[in-house]
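Predicted, not measured: the structure shown is a model, and the values here were computed from it. Counting starts at 1 for both ligands and their atoms, following the listed order. Quick note: numbers below take in every heavy atom, side chains included, and nothing from hydrogens, waters or symmetry partners.
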Amino acid sequence: MAAALDPGEEHTRFIEWAQSNGVTIDGVAPAKFVDRGMGIVAAKDLKKGDRLVHVRNGSLIQVTQPSILALKFLPKTSIHARIAAYLALSYDDKSSRNRLWQEIWPSQEDFKSILPIHWPKELQDLLPNAANVVLKNQRANLERDWLAINSQFPSITKQLLTYTWLIVNTRTFYWEYPDLPKASPRLPKKRSQFTVDDCYAMCPFMDYFNHTDVGCDPTSDAKGYSVTADRDYKAGEEVYVSYGSHTNDFLLVEYGFILDSNKCDSIALDHLILPQLSSSQTQVLKEDGFYGNYTLSPAVSASSSTTPICHRTQAVLRLLTLPGRRYSAFISGTDEGLADQGRVNEYLVSLLIKYSRQIMEIREEVEALKGYKDQKDTLLKRWKQIDVIVKAAVKELGG
Ligand SMILES: C[S@@+](CC[C@H](N)C(=O)[O-])C[C@H]1O[C@@H](n2cnc3c(N)ncnc32)[C@H](O)[C@@H]1O
């Protein structure tokens, strides 16, 4: 995908500011792409192992910095909400330290077309089931954070908080506060109790990198954050980082795009399998820790011994199709269940064939939508990917 190497004045101003504020840039430059906003390209030939960017820890936006601590958030306020509120409070301040940085972020208008949380209901209703689960969760978190911030900072509007909250959602990196001693009172809670939601930091310049399933791995230490080339690059090639092992349904809702090829992709089967369970089967699965989160991976080559059905799905299908003792033998690991595989596959194939028909209908509904060209293209592409995964599984499982 061709990139424009001179993305515009606001980017030049931001880069100068970043370089004088703890960001070291070596051999890469931001560039504008037609289909994904800004990204980073190699400005010269790069060698695997070259350090491309380093951001000093004092230049990150994270909750132990004095300007955020000074806001004295109520203890239960999430880290996400604290950073979003901090950005919102200084958003219109012309002398804010983040002024030049925020000028290079996507606008509220950009978010309206790319992020499903802003899509009209008729489009949201056509999202794949797994994407809808992510969206429901995202909405609940945003609402929780809005209530917390609104009660403490009533001057922040919901519209602005939603925007800065989505900026945090799409542009933060994982930060474990390695610059602080283990027991520092500035840590959100004891380090041993951290969850991923406690470990957010905004990194100037690093947030230009786009995502791919196999890209550079950002690393952090007590001095700051860096990105190192994961392979050789030719000048002009886009350099990606990996945001993590995410499916396309997750990427669509959380970041507003899907990858054409994604080794971490899978599709969810919960909406097909859960309605088949009796209440006693549901209870058994909950007790055994096998309730929900059933996935199907893209089919692998015919010569491979790997199956596209995940272990949890194998378990639930055994409970649905076999005597209870065969299910128990499988989940306890005393029997790999190979003898029962044909029956299990047959049952799954019947569910997948029904799903394949539903997918066809949904694709027709998407096609029939008036307007929303970009969102429609994304939805059609995703449903086509899902269709391919389903049909390949039917074939592989002997349907
Ligand atoms: C951390 S920012 C990356 C920089 C961003 N492209 C920009 O214009 O500022 C993350 C956002 O970039 C876009 N993005 C990242 N990787 C992408 C990809 N592989 N394809 C399309 N869009 C991508 C998505 O809109 C995502 O929410």
Short N or O distance, H211 and ligand 1, threshold 3.5 Å exclusive = yes

Interfacing atoms of ligand 1 (cut-off 4.0 Å, heavy-atom, T170) = 1 (C), 2 (S), 10 (C), 27 (O)

Is the shortest N/O to N/O distance between R171 and ligand 1 below 3.5 Å?
-> yes

Count the heavy atoms belonging to other residues, nucleotides or ligands that lie under 6.0 Å from CD of E336, then report whether that count exceeds 12.
-> no

If you scan protein heavy atoms around atom 23 (C) of ligand 1, the nearest is F257 CD2, 3.4 Å

Find all atoms of ligand 1 within a distance of less than 4.0 Å from any non-hydrogen atom belonging to G37, and give their numbers and elements.
-> 8 (O)

Heteroatom distance test (R36, ligand 1): nitrogen or oxygen, under 3.5 angstrom | yes

For ligand 1, note which part of Y255 has a heavy atom under 4.0 Å away: side chain, backbone, both or neither.
-> both

Carboxylate-amine/guanidinium contact R99 E103, below 4.0 Å = yes

Please confirm whether W105 comes under 4.0 Å of ligand 1, counting heavy atoms of the residue only.
-> no

Is the number of heavy atoms from other residues, nucleotides or ligands under 6.0 Å of Q193 CD greater than 12?
-> yes

Quick one: does L259 get a heavy atom under 4.0 Å from ligand 1?
-> yes

Any ion pair linking D213 and K263 (charged N to carboxylate O, less than 4.0 Å)?
-> no

Ion pair present between D340 and R326, side-chain N to carboxylate O less than 4.0 angstrom?
-> yes

When you check the gap from the basic side-chain N to the acidic O, do K373 and D377 get nearer than 4.0 Å?
-> yes

Top protein contact for atom 5 (C) of ligand 1, by heavy-atom distance = M38 O, 3.5 Å

Protein residue, atom and distance nearest to atom 10 (C) of ligand 1, heavy-atom basis | Y243 OH, 3.2 Å

Report, in ascending order of atom number, the atoms of ligand 1 lying under 4.0 Å from any heavy atom of F209.
-> 1 (C), 3 (C)

Show your reasoning for whether salt bridge (charged side-chain N to carboxylate O under 4.0 Å, His left out) applies to D387 and R363.
-> CA-CA 10 Å; D387 199 29; R363 285 172 68 178; 3.0 Å; yes

When distances are taken from atom 14 (N) of ligand 1, the protein heavy atom at minimum range is N210 OD1, 3.2 Å

Only residue of I331, V316, I273 satisfying side-chain contact (heavy atoms from CB on, under 4.5 Å) with L285 is V316

How close does the nearest protein non-hydrogen atom get to atom 2 (S) of ligand 1, and which residue and atom is it?
-> D207 O, 3.4 Å

List every atom of ligand 1 that sits less than 4.0 Å from any heavy atom of I114, numbering the atoms from 1 in the order shown and giving each element.
-> 25 (O)

So is F33 in contact with ligand 1, going by heavy-atom distances below 4.0 Å?
-> no

Can Y240 be reached from I114 by stepping across I, L, V, M, F, W or Y side chains whose heavy atoms are under 4.5 Å apart?
-> no

Compute the centroid of each ring, for Y225 and then for H54, and state whether the two points are separated by less than 6.0 Å.
-> no

